[in-house]
Amino acid sequence: MKLNWSDVTPKSSWLNRRSFLAAGAALAASPALGLTGKPSSFSTDAEPNSLKDITNYNNFYEFGTGKEDPARYASALTTDPWSVEIDGMVDRPGSYGLEDIAPENDLEERIYRLRCVEAWSMIIPWIGVPLSSILGKVGVQPSAKYVSFETLFRPEEMRGQKRPILDWPYREALRLDEAMNPLTILATGLYSEPLPNQNGAPLRLVVPWKYGFKSIKSIVRITLTDKQPFATWNALQPSEYGFYANVNPEVDHPRWSQATERKIGAGLFGGRQETQMFNGYGEQVASLYAGMDLTKNY
Ligand SMILES: Nc1nc2c(c(=O)[nH]1)N[C@H]1C(S)=C(S)[C@@H](COP(=O)(O)O)O[C@H]1N2
Ligand SMILES: [Mo]
């Protein structure tokens, strides 16, 4: 049986949001608002990284390129109010709120491996909804073949955007069948709490079989299109970062091996572990790439 994280966390450290709200308006303003999600069979049994690791070792270039920059500077980002523009080849384009995209009753817990292209990894207990659920609500038109995502551009609050480190705003994209795969989620929380800013509050993509850079943070636009969209890292250096970016121990980055990874939190003597094809999610996703040469479509 799979336990929800909240089942094994002391009651004092989390609270059910509904009973919390019932406790009164004054309390409802508290930042300690809990967020629970139904357990999922897609979750790994492996033990998640500590909240400290997950929130202090990050990549979020909008706040700087150092691993500790997001923890230091992301609190400057205003995440409420927030809306997401969903447009392009959809029946019901418009501006959607978080409650439309990830209603609390639909939330699931997904404990996933995260493998960064830089060859480190973590295990993170996300809270979120399948991306397919919101795509179903807005009605994807038959002509659509890709989904593109865009992060907020707000240099006043995202200090890294004051410099042209990347071609801002950060953008990423998936093929429609990848977007519809049940493993692909939009996360609004982790460890039964709303997403910390450094992890991409209030809404970020999680695609666990792809290198971490595909899992775009702080999303403000989702567009359905029939042409392969712009993708930030692919555009910056196509010989190093492909559009697909599937985790693949057999296809090395031109400047380093992808055969092994350093598990964050494993300690100085933790050693390296072998990287798994599709980050261990081959059973769910290998069929998406049947017949494709993965050394060319990296
Ligand atoms: N907008 C945006 N999204 C982003 C990034 C970024 O710099 N900006 N970094 C990516 C990379 S390289 C990784 S490995 C993951 C890291 O997610 P985490 O910090 O929540 O572990 O976020 C991805 N999403
Ligand atoms: Mo990454």
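In each ligand, atom 1 is the first atom listed, and ligand 1 is the first ligand listed. What you are looking at is a predicted structure, and each value in this text was computed from that prediction instead of being measured. Numbers here simply count residues along the sequence, with the first being 1.
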- Quick one: sort the Phe63 and Phe60 rings into parallel, tilted or perpendicular, breaks at 30° and 60°. perpendicular

- Using the six-membered ring wherever Trp is involved, compare the ring planes of Tyr112 and Tyr281 and label them parallel, tilted or perpendicular (cut-offs 30° and 60°). perpendicular

For ligand 1, which atoms have a heavy atom of [X] less than 4.0 angstrom away?
X	answer
Asn199	18 (P), 20 (O)
Thr151	1 (N)
Phe213	10 (C), 11 (C), 12 (S)
Cys116	14 (S)
Ile216	3 (N), 24 (N)

N/O of [X] under 3.5 Å from N/O of ligand 1, yes or no?
X	answer
Asn59	yes
Asn58	yes
Tyr57	no

- Message: Could you work out, for atom 18 (P) of ligand 1, the closest of Gln161, Lys217, Met122 by heavy-atom distance?
- Response: Lys217

- Best match, Tyr61, Tyr170, Trp120, Phe63: closest heavy atom to atom 4 (C) of ligand 1: Tyr170

Give me the nearest non-hydrogen protein atom to [atom] as residue plus atom name, then the distance to 0.1 Å.
atom	result
atom 21 (O) of ligand 1	Leu114 CD2, 3.5 Å
atom 15 (C) of ligand 1	Gly212 O, 3.6 Å
atom 8 (N) of ligand 1	Glu62 OE1, 2.8 Å
atom 24 (N) of ligand 1	Ser215 O, 2.9 Å

- Message: Between Thr44 and Ile123, is there a side-chain heavy-atom distance shorter than 4.5 Å?
- Response: yes

Aromatic contact, [X] with [Y] (centres under 6.0 Å):
X	Y	value
Tyr241	Phe213	yes
Tyr211	Trp233	no
Tyr170	Phe153	no

- Under the side chain to side chain contact (heavy atoms under 4.5 Å, CB included) rule, what do Ile219 and Leu205 come out as? Steps first, then yes or no, please. CA-CA 8 Å; Ile219 296 168; Leu205 184 70; 4.0 Å; yes

- Message: Using salt bridge (charged side-chain N to carboxylate O under 4.0 Å, His left out), reason through Lys162 and Glu62 one step at a time and then give a plain yes or no.
- Response: CA-CA 9 Å; Lys162 290 179 178 151; Glu62 283 83 343; over 6 Å; no

- Should Lys214 be listed as contacting ligand 1, given a heavy-atom distance under 4.0 Å as the test? no

- Task: Examine the proximity of ligand 1 to Glu172 and report which part, side chain or backbone, both or neither, has a heavy atom under 4.0 Å away.
- Result: neither

- Message: Under 4.0 Å between a side-chain nitrogen and a carboxylate oxygen: does that hold for Asp87 and Arg221?
- Response: yes

- Message: Please determine whether a side-chain nitrogen of the Lys or Arg among Lys38 and Glu109 lies less than 4.0 Å from a carboxylate oxygen of the Asp or Glu.
- Response: no

